[in-house]
Chemist: 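Questions regarding the structure given below will be posed in turn.
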Amino acid sequence: MDFERETFHLSGPLHMTYVLWDNPYHRMSVAASLVQGVYILERDRQEKREGPNVLAPPWWTFFHFRLLRPLIDDVDSSIFGAIYEFKPPSSQNNDTLDRSPRYVIAFRGTLTKSDSVSRDIALDIHFIRQGLHQTSRGDIAIEAVRNMVATVGDSNVWLAGHSLGSAMAMLTGKTMAKSGMFVESFLFNPPFVSAPIERIKDEKVKHGIRFAGSVITAGLTIAMHAKQPKDLSVDPFAALAVWIPCLFVNPCDHICSEYIGYFEHRRKMDEIGAGVIERLATQNSLGGLLMSAFGKESEPLHLIPSASLTVNIGPTHDFKDAHGIHQWWKPHLRLDHKLYKYK
């Protein structure tokens, strides 16, 4: 089964014989395939596949990319990312090429194989504890993105990631945005640190829980700032609002599904006149506030001001399918799309 899912001609998007770069489905499918390429690069390394036995290259060569270089973790020497360069054939006549990237930096998620699982899970825990920005893998990723953007400009680079890799892409994207560079980003099943409230069926109960959480979070934020005075009129989210990453979530995946409620709750709070409360709550987490209370630094990466949110509303067999990268290049997907801009 692993071999079939890793092999491009058995499970890849073979139906995409051409790419229209202004087509959201095509852009999504290409980005997801390049992320899968990083997974298979690491699997090739773990399985010691070489020469004609490697499975990774078709995941990028099919779309006319070449592997510029892999990104290597300094702790376990695993491949966690890759930098791709787009090299379309000179004969290709496509009016949408101006929407294509020159480079894509992609990050894989957690691999449950002995060669990499301990390091990946340690990084998952760092993310949950809001400390991914303090890890060496995060430093390597930020340096790679910063150098590429400095060389070719932010408009020529895409970021892409899945699961833990989405968190890594979120870290690098937010870092660039804070410096005024806005990199187009494709984040598949990005983890959200929260109880899975979205799974509650009763809408009134869901809204009540979220409303109470917003009031508590906003209250703690004000209390924390009273002890450590800051100008509450300065909204750090406003500086990031121009960056609008593309988020791809599945409501059956409890790891990422809370993004649906996160943005919808913000809209509802504005509608009922509680926008001021939500502006404080939406950019702070209870966990982060508690860590700050104990003098520990935290960075709630999952909290973002704006997003283009795509939800897979089609049938899902199980959690593995709901969280998997393969779903994002399947044909005939049922997708719901909403744009959320922070005001």
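For reference, positions follow the sequence shown, starting with 1.
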Chemist: Atom OG1 in Thr316, atom CG in Asp253: separation rounded to 0.5 Å?
Modeler: 9.0 Å

Chemist: Per the salt bridge (Lys or Arg N to Asp or Glu O under 4.0 Å) rule, what does the pair list look like for residues 17-41, sequence neighbours excluded?
Modeler: Arg27-Glu184

Chemist: For the pair His162 and His323, name the ring-plane relationship: parallel under 30°, tilted 30 to 60°, perpendicular over 60°.
Modeler: tilted

Chemist: I want to check something: taking the side chain as every heavy atom from C-beta on, are Asn312 and Val249 in contact at a cut-off of under 4.5 Å?
Modeler: no

Chemist: Checking the side chain of Ser11 only, and the main-chain atoms of Glu4 only, is there a donor and an acceptor separated by less than 3.5 Å?
Modeler: yes

Chemist: What's the shortest heavy-atom distance between Gly324 and Asn189, and which atoms?
Modeler: O-OD1, 3.8 Å

Chemist: Listing request: all salt bridge (Lys or Arg N to Asp or Glu O under 4.0 Å) pairs with a residue in residues 101-112, at least two apart in sequence or in separate chains.
Modeler: Arg108-Asp120

Chemist: Below 4.0 angstrom, N of the basic side chain to O of the carboxylate: do Lys113 and Asp2 qualify?
Modeler: yes

Chemist: Within the structure provided, determine whether Phe80 and Ile140 are in side-chain contact (heavy-atom separation under 4.5 Å).
Modeler: yes

Chemist: Would a 4.5 Å heavy-atom cut-off, applied to side chains only, mark Leu247 and Phe188 as touching?
Modeler: no

Chemist: Say you draw a straight line from OG1 of Thr135 to CD1 of Ile125; how long is it, rounded to the nearest 0.5 Å?
Modeler: 13.0 Å

Chemist: Would you mind reporting whether Val104 and Glu85 have side-chain heavy atoms less than 4.5 Å apart?
Modeler: no

Chemist: In the structure I gave you, are the side-chain heavy atoms of Ile105 and Phe107 within less than 4.5 Å of one another anywhere?
Modeler: yes

Chemist: Is there a side-chain contact (heavy atoms from CB on, under 4.5 Å) between Phe63 and Val19 once you walk through the steps?
Modeler: CA-CA 8 Å; Phe63 300 108; Val19 176; 3.8 Å; yes

Chemist: To the closest 0.5 Å, what do you measure between CG (Leu132) and CG (Leu164)?
Modeler: 6.5 Å

Chemist: Is any side-chain heavy atom of Met16 less than 4.5 Å from a side-chain heavy atom of Val30?
Modeler: yes

Chemist: Would Ile325 end up clustered with Leu14 when hydrophobic side chains under 4.5 Å apart are linked, directly or stepwise?
Modeler: yes

Chemist: Is the backbone of Trp329 close enough, under 3.5 Å, to the side chain of Tyr25 for a donor and an acceptor to pair up by distance?
Modeler: yes

Chemist: For Tyr259 and Tyr262, take the angle between the two ring planes, folded into 0 to 90°, and tell me which bin it lands in: parallel under 30, tilted 30 to 60, perpendicular over 60.
Modeler: perpendicular

Chemist: Please determine whether residues Phe8 and Val35 belong to a single hydrophobic cluster, defined as Ile, Leu, Val, Met, Phe, Trp and Tyr linked transitively by side-chain heavy-atom distances below 4.5 Å.
Modeler: yes

Chemist: Any side-chain donor-acceptor pair under 3.5 Å between Gln327 and Asp321?
Modeler: no

Chemist: Is any side-chain heavy atom of Arg137 closer than 4.5 Å to one of His126?
Modeler: no

Chemist: Would you please say whether a donor-acceptor pair under 3.5 Å links the side chains of Thr310 and Asp336?
Modeler: no

Chemist: Would you please indicate if the ring centroids of His254 and Phe319 are separated by under 6.0 Å?
Modeler: yes

Chemist: When the ring planes of Phe65 and Trp21 are compared, do they come out parallel, tilted or perpendicular, using 30° and 60° as the limits?
Modeler: perpendicular

Chemist: Any pair with a residue in residues 148-168 that passes salt bridge (Lys or Arg N to Asp or Glu O under 4.0 Å), sequence neighbours left out, goes on the list, sorted by first then second residue, please.
Modeler: none

Chemist: Which heavy atom in Ala32 sits nearest to a heavy atom in Trp328, and how many Å separate them?
Modeler: CB-CB, 4.0 Å

Chemist: Considering residues, nucleotides and ligands other than His317, do more than 12 of their heavy atoms fall under 6.0 Å from its NE2?
Modeler: no

Chemist: Quick check on the hydrophobic clustering: are Phe62 and Met28 connected, directly or via other members, by side-chain heavy-atom contacts under 4.5 Å?
Modeler: yes

Chemist: Taking it one step at a time, do Met176 and Phe182 satisfy side-chain contact (heavy atoms from CB on, under 4.5 Å)?
Modeler: CA-CA 6 Å; Met176 293 298 103; Phe182 307 105; over 6 Å; no

Chemist: Considering only NZ, NE, NH1 and NH2 on the basic side and carboxylate oxygens on the acidic side, decide whether Arg146 and Glu143 come within less than 4.0 Å.
Modeler: no

Chemist: Count I, L, V, M, F, W, Y as connected when their side-chain heavy atoms are under 4.5 Å apart, and connections chain through other members. Are Ile244 and Ile260 then in the same cluster?
Modeler: no

Chemist: With heavy-atom distances below 4.5 Å as the criterion, would you say the side chains of Ile255 and Phe192 are in contact?
Modeler: no

Chemist: Between Asp124 and Thr110, do the side chains contain an N or O donor and an N or O acceptor separated by less than 3.5 Å?
Modeler: yes

Chemist: Would you name the heavy atoms of Ser136 and Val75 that are closest together and state the gap between them?
Modeler: OG-CG2, 4.0 Å

Chemist: Step by step, work out the side-chain contact (heavy atoms from CB on, under 4.5 Å) result for Ile83 and Leu71.
Modeler: CA-CA 8 Å; Ile83 303 176; Leu71 299 177; 4.2 Å; yes

Chemist: Where is the tightest heavy-atom contact between Val183 and Val157, given as atom of each residue plus distance?
Modeler: CG1-O, 3.3 Å

Chemist: Could you state the interatomic distance from CG (Asp73) to OG (Ser78), rounded to the nearest 0.5 Å?
Modeler: 4.5 Å

Chemist: First locate atom CG of Leu301, then atom CD of Gln130, and finally report the distance between them rounded to the nearest 0.5 Å.
Modeler: 8.0 Å

Chemist: Does the side-chain contact (heavy atoms from CB on, under 4.5 Å) test come out yes or no for Trp243 and Ser185, once each step is laid out?
Modeler: CA-CA 9 Å; Trp243 182 53; Ser185 304; 3.4 Å; yes

Chemist: Between the side chain of Lys174 and the main-chain N/O of Leu240, is any donor-acceptor distance below 3.5 Å?
Modeler: no

Chemist: Yes or no on side-chain hydrogen bond (donor to acceptor under 3.5 Å, both in side chains) for Asp76 and Ser118, after CA distance, side-chain angles and deciding distance?
Modeler: CA-CA 9 Å; Asp76 65 356; Ser118 60; 5.9 Å; no

Chemist: Please report the interatomic distance CZ(Arg69) to OH(Tyr84), rounded to the nearest 0.5 Å.
Modeler: 13.0 Å

Chemist: Can you label the angle between the His302 ring and the Phe127 ring as parallel, tilted or perpendicular, going by 30° and 60°?
Modeler: perpendicular

Chemist: Of the non-hydrogen atoms in Ser166 and Pro190, which two are nearest, and what is the gap between them?
Modeler: CB-CA, 3.7 Å

Chemist: Whether Arg49 and Glu6 form a salt bridge (side-chain N of Lys/Arg under 4.0 Å from carboxylate O of Asp/Glu) is what I want to check.
Modeler: yes

Chemist: Verify the ring-centre separation between Tyr103 and Phe86: is it less than 6.0 angstrom?
Modeler: no

Chemist: Can you check whether Leu10's main-chain N or O pairs, donor with acceptor, with Thr7's side chain at less than 3.5 Å?
Modeler: no

Chemist: Would you say the side-chain atoms of Thr172 pair up with the backbone N or O of Met168, donor to acceptor, closer than 3.5 Å?
Modeler: yes

Chemist: Can you see which heavy atom on Ile79 is nearest to which on Pro70, and at what distance?
Modeler: CG2-CB, 3.9 Å

Chemist: Please answer: with hydrophobic residues joined when any side-chain heavy atoms are less than 4.5 Å apart, are Val242 and Met181 in the same cluster?
Modeler: yes

